[in-house]
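These notes concern the structure reproduced below.
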Amino acid sequence: RLAVVTSDDHAPAQLTLEHFGVSDKIGVVIGADDAYPHKPAPDALLAVCAAFGVHPARAVMVGDSSTDMLMGQRAGFGLCVGVASGPMDRSALDATAHIVIDSIAEIHTVKST
């Protein structure tokens with residue numbers, strides 16, 4: 001299950017997902033104008049876990065900033081993956097993420113049977 005928690009407002013984020021043809025893959029979208037404290041507060045991530053019925057320690061968060069990583073850590077996520085192709089310097093991600101990858105293209109999904 002996938003979710004998006006963004007600092008952008010909800011409607012433009014949803015339009016972006018639709019534009020790229022991935023909105024059907026996203027179960028939850030939480031934007032900056034939704035009723036949650038802004039990053040790095042963990043509330044939005046915890047709401048995603050509650051919606052999916054997943055304990056945070058069994059969840060993975062992918063982000064491109066140290067603020068994203070801090071949010072994931074505060075939520076108690078089991079794995080916080082930093083993506084170095086975003087605006088943040090890789091060394092800042094190395095200091096805050098569990099693991100850093102160069103691009104989201106390095107992420108592969110595994111379907112359980």
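The structure presented is a predicted model; accordingly, all values stated were derived computationally and were not measured.
No side-chain donor-acceptor contact under 3.5 Å links D9 to the backbone of A11. In this structure a side-chain-to-backbone donor-acceptor pair under 3.5 Å is missing from H38 to S7.
S85 is not listed as a side-chain neighbour of D64, based on a closest heavy-atom distance of 4.5 Å or more. Side-chain contact check for Q14 versus S23: some heavy-atom pair is nearer than 4.5 Å.
Using a 4.5 Å cut-off between side-chain heavy atoms of Ile, Leu, Val, Met, Phe, Trp and Tyr, V5 falls into a hydrophobic cluster with V28, I30, Y36, L45, V48, F52, V54, M61, M69, M71, F77, M88, L93, V100.
In plain terms, the two heavy atoms of C80 and H98 that are nearest each other are N-ND1, 2.7 Å. Pairing each heavy atom of H108 with each of E106, the nearest pair is CD2-O, 3.3 Å. Listed here is the closest heavy atom pair of G82 and A97: N-CB, 3.7 Å. Nearest heavy-atom pair across V29 and I26 is CG2-CG2, 3.7 Å. The two residues C49 and P56 have their closest heavy-atom pair at SG-CA, 3.8 Å.
Note that CD of Q73 is 11.0 Å distant from CG of D68, once rounded to the nearest 0.5 Å. Here CG of D34 is found 10.5 Å from OG1 of T6. Values are rounded to the nearest 0.5 Å.
In the hydrophobic clustering of ILVMFWY residues, with side-chain heavy atoms under 4.5 Å counting as a link, V83 and V60 come out together. In terms of hydrophobic clustering, with Ile, Leu, Val, Met, Phe, Trp and Tyr side chains grouped at heavy-atom distances under 4.5 Å, L79 and V62 are assigned to a common cluster.
Around CD1 of I104, the count of heavy atoms belonging to other residues, nucleotides or ligands within 6.0 Å does not exceed 12.
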